[in-house]
Amino acid sequence: MVIAVDFDGTIVEHKYPAIGEELPFATETLRMLIKDQHRLILWSVREGKLLDDAIQWCKDRGVEFWAVNKDYPEENGTLNNNHFSRKLKADIFIDDRNLGGLPDWGQMYRMIHDQKSYKDLIREQLNQSVEGSKINKKRHWWNK
């Protein structure tokens, strides 16, 4: 699967142009996705040195992207994009500006690895909390 991943606000806290602190389990999850044979594209508004810094930050943590801001590594990176669309062709986009917000990285991994929807995860969580909150009601003499 091809997965486009935003950097600022998704892998790290949004401190652009600085690099913020890593969001919990972000790089660990990305390494797991790479190990699972997914192709990751770094998808960022960063350019030039700011982009190079983000790529190196990820590389220092064991995350090497299949491509950066393009559909595949060999795509020409000229300013006019050689008539390529700027829209990436990815199966999944992970971005903090996602409708509904950014799930935590553990939930995202489960959604991708176990092929579950966000709705499935919420339903499971609700079922677990309902089962966990069942209270043993005191038996009264009239319930015998």
Side-chain angles (χ1 to χ4, degrees), residues 1-139 143:
M1 192 177 309
V2 177
I3 303 170
V5 185
D6 180 36
F7 185 72
D8 294 290
T10 303
I11 297 174
V12 297
E13 294 175 343
H14 205 300
K15 302 287 183 185
Y16 182 86
I19 294 177
E21 293 293 319
E22 179 180 350
L23 292 179
F25 306 107
T27 57
E28 180 181 346
T29 304
L30 292 172
R31 288 191 306 270
M32 290 168 54
L33 291 171
I34 292 168
K35 185 179 176 187
D36 290 347
Q37 305 297 310
H38 296 288
R39 292 180 174 179
L40 302 185
I41 297 174
L42 181 61
W43 177 46
S44 177
V45 298
R46 289 175 175 260
E47 296 176 318
K49 181 171 175 5
L50 294 176
L51 179 59
D52 293 340
D53 291 346
I55 293 167
Q56 188 61 49
W57 185 94
C58 291
K59 190 180 247 185
D60 290 346
R61 286 152 183 82
V63 177
E64 294 196 42
F65 293 93
W66 181 64
V68 176
N69 285 343
K70 51 190 169 185
D71 291 322
Y72 51 91
E74 298 81 19
E75 183 177 297
N76 189 342
T78 61
L79 290 177
N80 67 10
N81 282 335
N82 269 354
H83 306 288
F84 291 109
S85 169
R86 289 191 56 196
K87 186 170 183 170
L88 293 177
K89 296 165 193 78
D91 299 303
I92 294 175
F93 292 83
I94 299 176
D95 190 345
D96 61 307
R97 296 181 183 229
N98 179 46
L99 180 65
L102 184 70
D104 71 50
W105 280 96
Q107 290 174 318
M108 287 188 274
Y109 182 77
R110 286 198 56 217
M111 290 166 68
I112 295 166
H113 184 267
D114 300 339
Q115 298 180 346
K116 291 187 177 273
S117 70
Y118 201 34
K119 186 177 182 179
D120 293 335
L121 294 182
I122 292 170
R123 186 175 292 125
E124 285 176 8
Q125 189 175 19
L126 287 173
N127 288 339
Q128 288 173 356
S129 63
V130 166
E131 288 177 15
S133 68
K134 288 183 180 175
I135 301 170
N136 292 332
K137 293 186 177 182
K138 187 174 182 181
R139 294 193 69 166
N143 288 340

Looking at Glu124, I want to see if its CD is surrounded by more than 12 non-hydrogen atoms of other residues, nucleotides or ligands under 6.0 Å.
yes
Show your working on side chain to side chain contact (heavy atoms under 4.5 Å, CB included) between Leu102 and Met108 and close with a plain yes or no.
CA-CA 9 Å; Leu102 184 70; Met108 287 188 274; 3.9 Å; yes
Do you know which of Asp91, Ile41, Leu40 makes side-chain contact (heavy atoms from CB on, under 4.5 Å) with Ile3?
Leu40
Tell me if the aromatic rings of Phe7 and Trp43 count as close, with their centers under 6.0 Å from one another.
no
Check Met1 against Ile92 and note the closest heavy-atom contact, atom names and distance.
SD-CD1, 3.1 Å
Using modelled atom types and a 3.5 Å cut-off, is there a donor and acceptor pairing between side-chain atoms of Glu22 and backbone atoms of Thr27?
yes
For the pair Asp36 (side chain) and His38 (backbone), establish whether a donor and an acceptor sit closer than 3.5 Å, ignoring hydrogens and angles.
no
Between Trp105 and Thr10, what is the shortest heavy-atom contact and its length?
NE1-O, 3.1 Å
Does the side chain of Tyr109 come under 3.5 Å of the side chain of Asp114 through a donor N or O and an acceptor N or O?
no
When you measure from the side chain of Arg110 to the backbone N and O of Gly106, does any donor-acceptor pair fall under 3.5 Å?
no
Check: Asp95 side chain, Asn98 main-chain N or O, donor-acceptor pair, under 3.5 Å
no
Is there a donor in the side chain of Asp60 and an acceptor in the side chain of Gln56, or the other way round, less than 3.5 Å apart?
yes
So which heavy atom on Leu50 is nearest to which on Pro17, and how close?
CD2-O, 3.7 Å
Minimal non-hydrogen separation, Ala4 against Leu88, with atom names:
CB-CD1, 4.0 Å
Taking atom NZ of Lys35 and atom CZ of Arg31, what is their separation to the nearest 0.5 Å?
11.0 Å
Is it the case that atom OH in Tyr118 sees more than 12 heavy atoms from other parts of the structure closer than 6.0 Å?
yes
Which one of Asp52, Asp8, Asn69, Asp53 satisfies the side-chain hydrogen bond (donor to acceptor under 3.5 Å, both in side chains) criterion with Arg46?
Asp8
For a quick test of reading the model, state the closest non-hydrogen atom pair linking Asp96 to Asp6 and the distance between them.
OD1-OD2, 2.9 Å
